[in-house]
Q: 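A single structure is presented below for examination.
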Amino acid sequence: QKKEKYEDGVKWRILEHNGPYFPPEYQPLPDNVNFYYNGEKVKLSLAAEEPALFFAQMLDHEYTTKKVFRDNFFTDWREEMSHKERTLIKDLDKCDFTEIHAMHKAKVEARKNLSKEEKLALKEANQKIVDEYGYCLLDRHKERIGNFKIEPPGLFRGRGEHPKQGMLKKRIQPEDIIINCSKESSIPVPPSGHKWKEVRHDNTVTWLASWTENIQGSIKYIMLNANSKLKGEKDWEKYEVARKLKDFVDNIRKQYMTDLGSREMKKRQGAVALYFIDKLALRAGNEKEEGESADTVGCCSLRIEHITLHKQLDDKEYVVEFDFLGKDSIRYYNKVPVIKKVFKNLKLFMKNKQTGDELFDRLSTISLNKHLSSLMPGLTAKVFRTYNASITLQQQLKELSNKSDNEAEKILSYNRANRAVAVLCNHQRAPPKTFEQSMANLQAKIDARKEQLAEAKAQFKEAKKEVKSRGDSDPNVLEKKQAAVARCKEQLLKMEVQATDKEENKQIALGTSKLNYLDPRISVAWCKNMEVPVEKIYNKTQRDKFAWAIDMTEADFVF
DNA sequence: GACTCCACTTAGAAGAGCAAAG
DNA sequence: CTTTGCTCTTCTAAGTGGAGTC
């Protein structure tokens with residue numbers, strides 16, 4: 001259906017933009033705000049002062065209590081110091097940032113308390129920046145850029161036990177930036193007095209600008225927003241590949257079941273890994289460089305300490321207990337009954353190994369993906385996550401929702417289906433800090449509404465009695481009373497549904513699956529079938545991103 | 001195959017904005 | 001009008017997987 005517009009690999013013909021937006025220069029501390037070392041006031045050089053501010057700004061954060069963070073910060077900070085400062089400042093514990101910290105908090109507070117007019121002025125200034133830098137021209141379409149602002153300097157905030165947390169993230173200069181645009185287009189002008197590192201015209205990639213970041217040495221890109229045509233088409237393709245898996249999955253499953261008994265060790269490991277990826281929606285688990293990031297794993301990089309085998313657990317046989325840290329150091333904990341063949345294989349894979357050894361020592365994501373792509377063009381490990389997420393949503397929606405339900409109930413069903421996927425994919429969030437309180441508040445509101453309902457009912461009854469006894473009273477009054485009861489009931493139900501939803505959602509993040517794993521056409525079709533406006537399940541951003549699906553999907557769409 | 005580099009998607013946290021409650 | 005609580009948006013880290021090289 002989608003036409004191949006360009007020859008292989010070409011992403012655009014014309015790409016024109018104004019280059020990235022740079023964060024403001026560092027503003028030196030005012031004279032009345034001081035840094036102290038060992039109780040003595042010390043005037044820092046500008047180069048050393050800026051990192052001191054970064055640290056002071058984070059003083060309320062748990063990061064600054066962690067040894068690794070403090071050590072990394074201190075090492076990098078000392079690099080920025082003058083010789084004299086370095087000689088003096090030798091112990092972070094003797095550094096006193098309280099005045100800088102207080103200044104920062106006051107600034108935040110002041111920003112919050114700006115007048116309406118000042119806030120509006122700020123907003124307008126911001127909009128001007130967006131207008132100038134936030135859009136580009138790609139093949140005659142004006143497109144929103146996703147991240148047109150260069151990341152400001154600061155202290156690196158890695159997730160989990162990151163060995164590099166606290167390191168100084170350096171300020172990016174135009175001299176670090178590679179610009180990508182079409183040859184004929186007007187080339188973005190660097191900030192005055194500066195030059196770009198390079199200007200290139202590579203239409204086989206989609207980025208507009210890039211730079212190399214100093215913590216891991218990886219490349220960062222400026223790219224289009226998710227609502228752009230380019231990203232939308234890619235998204236559509238992703239779901240089409242996942243849909244294609246539907247036609248292959250039965251055979252693939254049969255095959256890995258057979259492979260569980262293969263004579264070849266590598267084949268058996270591949271079969272077990274695929275069993276996990278398919279059944280549990282685990283990530284592939286690429287190799288990682290040790291010491292460069294937190295110790296996290298995916299399927300292929302599982303180590304034997306990450307699973308425990310239980311021949312019998314509670315009333316179940318052959319249970320595998322998973323306990324490991326996945327992407328973003330989110331814990332994956334799950335007890336899963338598996339088939340006997342998988343269990344026996346795992347036992348064998350673990351034999352003669354010790355803590356730290358890989359479970360699948362003959363396997364890599366590369367070989368696994370090679371195998372997968374031989375089974376179906378375009379198939380890789382992550383396609384299973386997309387496929388299983390989307391098919392689960394579709395099946396759950398079918399199971400949970402009724403056309404006769406009211407809107408609130410329908411939306412609850414949708415959220416529950418969404419939640420089933422989020423659980424499958426292990427998308428978690430920290431429970432909101434105010435959770436307990438706001439839950440209690442909601443309960444109080446429900447109780448109040450219950451009383452109100454009782455009152456409304458009593459009044460209705462009273463009115464009825466009056467009509468009966470006198471017969472002449474205004475029938476409108478009776479109708480009104482009845483309507484009040486109905487309204488009350490509906491509101492109560494709505495609140496109760498809301499409470500259920502909230503409780504079940506405490507630690508689950510729905511957004512990630514909604515945005516990245518669930519074919520939007522399933523949701524759009526569901527909305528059409530259930531007569532629920534699409535705005536009820538997708539906010540503005542989501543509707544923009546999924547515009548392609550909202551446009552093309554009919555009620556009879558099947559994933 | 002192992003190693004490196006690169007480009008792109010996926011991820012939760014934090015910050016901003018906004019609406020309802022007080 | 002101010003405060004509170006929630007949703008939406010922004011931010012950027014952390015994954016996946018392809019390609020090139022040896």
Side-chain angles (χ1 to χ4, degrees), chain A residues 9 11 23 58 61-63 108 111-113 116 119 122-123 126 130 134 146-152 154 156-160 162 164-165 169 178 180 202 204-207 210 212-213 215-226 230-231 234-235 237-238 283-289 292-294 296-301 325-330 364-370 372-373 378-383 385-386 389 422 425-430 432-435 437-439 441-442 445 498 502 507-517 538-542 544-545:
Chain A
K11 307 288 169 56
M58 289 182 72
H61 203 288
E62 199 203 335
Y63 271 124
V108 171
R111 193 159 0 126
K112 235 170 48 190
N113 294 331
K116 230 184 220 165
K119 275 184 182 163
L122 224 55
K123 202 174 165 182
N126 232 343
V130 174
N147 57 326
F148 59 89
K149 288 178 176 168
I150 295 290
E151 294 173 17
F156 178 72
R157 296 153 94 110
R159 310 273 171 87
H162 197 117
K164 299 193 167 187
Q165 62 186 107
K169 210 171 106 160
I178 301 172
N180 192 34
D202 182 355
T204 67
V205 296
T206 64
W207 52 269
S210 72
T212 301
E213 150 274 339
I215 306 287
Q216 331 249 16
S218 66
I219 308 170
K220 300 254 184 167
Y221 301 93
I222 287 182
M223 288 186 190
L224 295 186
N225 191 278
L230 198 75
K231 295 275 191 190
K234 200 82 188 294
D235 212 31
E237 275 171 27
K238 173 180 82 182
R283 294 188 185 82
N286 279 315
E287 283 173 42
K288 301 173 68 181
E289 220 178 318
E292 289 294 301
S293 60
T296 60
V297 296
C299 185
C300 292
S301 50
L325 298 181
K327 182 177 179 180
D328 292 314
S329 293
I330 298 291
S364 70
T365 55
I366 297 172
S367 61
L368 181 68
N369 280 333
K370 254 185 198 150
L372 289 175
S373 72
L379 186 62
T380 62
K382 89 186 189 86
V383 176
R385 246 166 106 80
T386 312
C425 294
N426 200 39
H427 292 142
Q428 297 188 29
R429 61 168 185 176
K433 286 197 170 64
T434 54
F435 184 85
Q437 184 57 50
S438 77
M439 203 64 211
N441 290 352
L442 188 55
K445 275 203 300 198
Q498 202 188 350
K502 198 182 171 114
Q507 302 197 63
I508 313 283
L510 299 185
T512 302
S513 49
K514 209 177 197 177
L515 228 50
N516 300 301
Y517 289 102
Y538 286 147
N539 68 31
K540 179 77 172 61
T541 315
Q542 293 161 344
D544 280 352
K545 168 166 180 173

Q: What's A:E213 touching, base or sugar-phosphate or nothing? Going by heavy atoms closer than 4.0 Å.
A: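 Here A:E213 touches no strand at all.
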
Q: Any idea which of B:dT10, B:dA14, B:dC6 is nearest the A:N516 side chain?
A: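 For the A:N516 side chain, the nearest candidate turns out to be B:dT10.
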
Q: Report the residue (A:Q542 or A:F156) whose heavy-atom-nearest nucleotide on DNA chain C is the more 5′ of the two.
A: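 By nearest-heavy-atom nucleotide position, the 5'-most residue is A:Q542.
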
Q: By nearest nucleotide on DNA chain C, pick out whichever of A:D328 and A:K540 is the more 5' one.
A: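 By nearest-heavy-atom nucleotide position, the 5'-most residue is A:K540.
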
Q: Once you round it to whole Å, what is the distance between C1' of B:dT9 and CG of A:N225?
A: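 About 14 Å, once rounded to whole Å.
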
Q: Toward the 5' end of DNA chain B, which comes first, A:K11 or A:R157, by nearest nucleotide?
A: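 Its nucleotide being nearer the 5' end, the pick is A:K11.
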
Q: If you measure only the distance, is there a donor-acceptor pair under 3.5 Å linking the side chains of A:K288 and A:T296?
A: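 Side chains of A:K288 and A:T296: pair found under 3.5 Å.
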
Q: Hey, does A:K112 reach any base, or is it just sugar-phosphate, or nothing, if we go heavy atoms under 4.0 Å?
A: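 Nothing, no nucleic acid heavy atom in range.
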
Q: Could you check whether A:D544 pairs with A:K540 (Lys NZ or Arg NE/NH1/NH2 to Asp/Glu carboxylate O, under 4.0 Å)?
A: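 Yes, A:D544 and A:K540 are salt-bridged.
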
Q: Might you confirm whether atom NZ of A:K119 has over 12 heavy atoms from other residues, nucleotides or ligands at distances under 6.0 Å?
A: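 Atom NZ in A:K119 is packed in, count exceeds 12.
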
Q: Nearest-Å distance, CD1 (A:I508) to P (B:dG12)?
A: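 About 11 Å, once rounded to whole Å.
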
Q: Assign each of A:Y517 and A:N126 to its nearest nucleotide of DNA chain B by heavy atoms, then name whichever residue's nucleotide is nearer the 5' end.
A: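 It is A:Y517 whose nearest nucleotide is closer to the 5' end.
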
Q: Could you grab the distance from atom NZ of A:K514 to atom CD of A:Q542, nearest 0.5 Å is fine?
A: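 One finds 4.5 Å between NZ of A:K514 and CD of A:Q542.
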
Q: OP1, OP2 of B:dA7 versus side-chain N and O of A:T206: anything below 4.0 Å?
A: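 No, A:T206 has no side-chain N/O under 4.0 Å of OP1/OP2 on B:dA7.
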
Q: Would you mind telling me which of B:dA14, B:dA13, C:dT12 lies closest to the side-chain atoms of A:A430?
A: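 Closest nucleotide to the A:A430 side chain: B:dA13.
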
Q: So, is A:R429 near the phosphate of C:dT7, with a side-chain N or O under 4.0 Å from OP1 or OP2?
A: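 Answer is no, no contact under 4.0 Å.
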
Q: A:R283 has a side chain; which of C:dT16, C:dG18, C:dA14 sits nearest to it?
A: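 Looking only at side-chain atoms, A:R283 lies closest to C:dT16.
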
Q: Among C:dT12, C:dA14, B:dA16, which nucleotide sits nearest the side chain of A:R111?
A: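 Nearest to the side-chain atoms of A:R111, counting from C-beta on, is B:dA16.
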
Q: Under 4.0 Å: is that the gap between some side-chain N or O of A:T296 and OP1 or OP2 of C:dG15?
A: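 Indeed, a polar side-chain atom of A:T296 lies that close.
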
Q: Which one, C:dA13, B:dA7, B:dT9, comes nearest to the side chain of A:K382?
A: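 Side chain of A:K382 sits closest to B:dT9.
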
Q: Check this one for me: any side-chain N or O of A:S364 less than 4.0 Å away from OP1 or OP2 of B:dA2?
A: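 No, A:S364 has no side-chain N/O under 4.0 Å of OP1/OP2 on B:dA2.
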
Q: Using whole Å, what does the distance between atom P of nucleotide B:dA11 and atom CG of A:L515 come to?
A: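 From A:L515 CG to B:dA11 P: 10 Å.
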
Q: Given B:dC6, B:dA11, C:dG18, which nucleotide is nearest the side-chain atoms of A:K327?
A: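 The nucleotide sitting nearest to the side chain is B:dA11.
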
Q: Could you walk me through whether A:V130 and A:F148 pass the side chain to side chain contact (heavy atoms under 4.5 Å, CB included) check?
A: CA-CA 8 Å; A:V130 174; A:F148 59 89; 3.9 Å; yes

Q: Does C:dT16 have OP1 or OP2 under 4.0 Å away from a side-chain N or O of A:K288?
A: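 No, no such contact exists.
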
Q: Taking only the side-chain nitrogens and oxygens of A:K231, find out if one of them lies under 4.0 Å from OP1 or OP2 of B:dT9.
A: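 Affirmative; the distance criterion is met.
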
Q: Please work out if A:K169 contacts a base, only the sugar-phosphate, or nothing of the nucleic acid, heavy-atom cut-off 4.0 Å.
A: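 Since only primed, P, OP1 and OP2 atoms lie under 4.0 Å of A:K169, the category is sugar-phosphate.
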
Q: What nucleotide among B:dC18, B:dG12, C:dA14 has an atom nearest to a side-chain atom of A:A509?
A: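 For A:A509, the side-chain atoms sit closest to B:dG12.
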
Q: Heavy atoms from C-beta onward define the side chain here; which of B:dT9, C:dA13, B:dA16 lies closest to that of A:K234?
A: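 The closest nucleotide is B:dT9.
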
Q: Can you check whether A:K164 has a side-chain N or O nearer than 4.0 Å to OP1 or OP2 of C:dA13?
A: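 No, no such contact exists.
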
Q: Are any of A:H61's side-chain N or O atoms less than 4.0 Å away from OP1 or OP2 of B:dA13?
A: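 Negative; the distance criterion is not met.
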
Q: A:Q165 side chain N/O closer than 4.0 Å to the phosphate oxygens (OP1, OP2) of C:dA13?
A: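 For C:dA13, neither OP1 nor OP2 has a side-chain N or O of A:Q165 closer than 4.0 Å.
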
Q: Expressed as a whole number of angstroms, how long is the span from A:R159:CZ to B:dA11:P?
A: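 After rounding, the gap between these two atoms is 12 Å.
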
Q: Calculate the interatomic distance between A:Y538 atom OH and C:dT7 atom C1'; express it in whole Å.
A: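 Rounded to whole Å, this separation is 17 Å.
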
Q: Indicate whether OP1 or OP2 belonging to C:dG17 is found under 4.0 Å from a side-chain N or O atom of A:T380.
A: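 Checking A:T380 against C:dG17: at least one side-chain N or O falls below 4.0 Å of OP1 or OP2.
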
Q: Between B:dT10, C:dG17, C:dT12, which nucleotide has the shortest distance from any of its atoms to the side chain of A:N369?
A: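 The closest nucleotide is C:dG17.
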
Q: Between the side chains of A:E213 and A:K169, is the shortest nitrogen-to-carboxylate-oxygen separation below 4.0 Å, so that they form an ion pair?
A: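 No.
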
Q: Nearest to the side chain of A:A284, heavy atoms from C-beta on, is which of B:dA14, C:dT16, C:dT12?
A: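 Between B:dA14, C:dT16, C:dT12, the one nearest the side chain of A:A284 would be C:dT16.
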
Q: Contact class for A:G326 vs. all strands (heavy atom < 4.0 Å): base, sugar-phosphate, or nothing?
A: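 Here A:G326 touches the backbone only, sparing every base.
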
Q: If the plane angle is over 60° it's perpendicular, under 30° parallel, otherwise tilted; pick one for A:Y221 and A:W207.
A: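 A:Y221 vs A:W207 ring planes: tilted.
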
Q: If we only count heavy atoms from C-beta on, is the A:K220 to A:S210 side-chain gap below 4.5 Å?
A: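 Result no, sub-4.5 Å side-chain heavy-atom pair not found.
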
Q: Expressed in angstrom and rounded to an integer, what is the separation of A:L372 atom CG from C:dG18 atom P?
A: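 Going from A:L372 (CG) to C:dG18 (P), I get 10 Å.
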
Q: What is the nucleic acid contact for A:G285, judged by heavy atoms within less than 4.0 Å: base, sugar-phosphate only, or nothing?
A: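 Sugar-phosphate: the residue A:G285, judged by heavy atoms under 4.0 Å, touches backbone atoms but no base.
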
Q: Contact class for A:A381 (heavy atom, under 4.0 Å): base, sugar-phosphate, or nothing?
A: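 Sugar-phosphate, backbone atoms only, no base.
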
Q: Is A:H427 close enough to B:dT10 that one of its side-chain N or O atoms is under 4.0 Å from OP1 or OP2 there?
A: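 Looking at the OP1 and OP2 atoms of B:dT10, neither is under 4.0 Å from any side-chain N or O of A:H427.
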
Q: Within this structure, what is the CD-to-P distance between A:E62 and B:dA14, rounded to whole angstrom?
A: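 After rounding, the gap between these two atoms is 10 Å.
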
Q: Just by distance, no angles: are the side chains of A:T380 and A:N369 close enough, under 3.5 Å, to form a donor-acceptor pair?
A: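 A:T380 vs A:N369: no donor-acceptor pair found between side chains.
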
Q: At less than 4.0 Å, is any side-chain N or O atom of A:N286 found next to OP1 or OP2 of C:dT16? Yes or no.
A: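 Checking A:N286 against C:dT16: at least one side-chain N or O falls below 4.0 Å of OP1 or OP2.
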
Q: Between A:K238 and B:dC8, is there a contact of a side-chain N or O with OP1 or OP2 at under 4.0 Å?
A: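 No.
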
Q: Could you state the CG-P distance from A:N147 to B:dC8, rounded to the nearest angstrom?
A: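 Whole-Å distance recorded here is 13 Å.
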
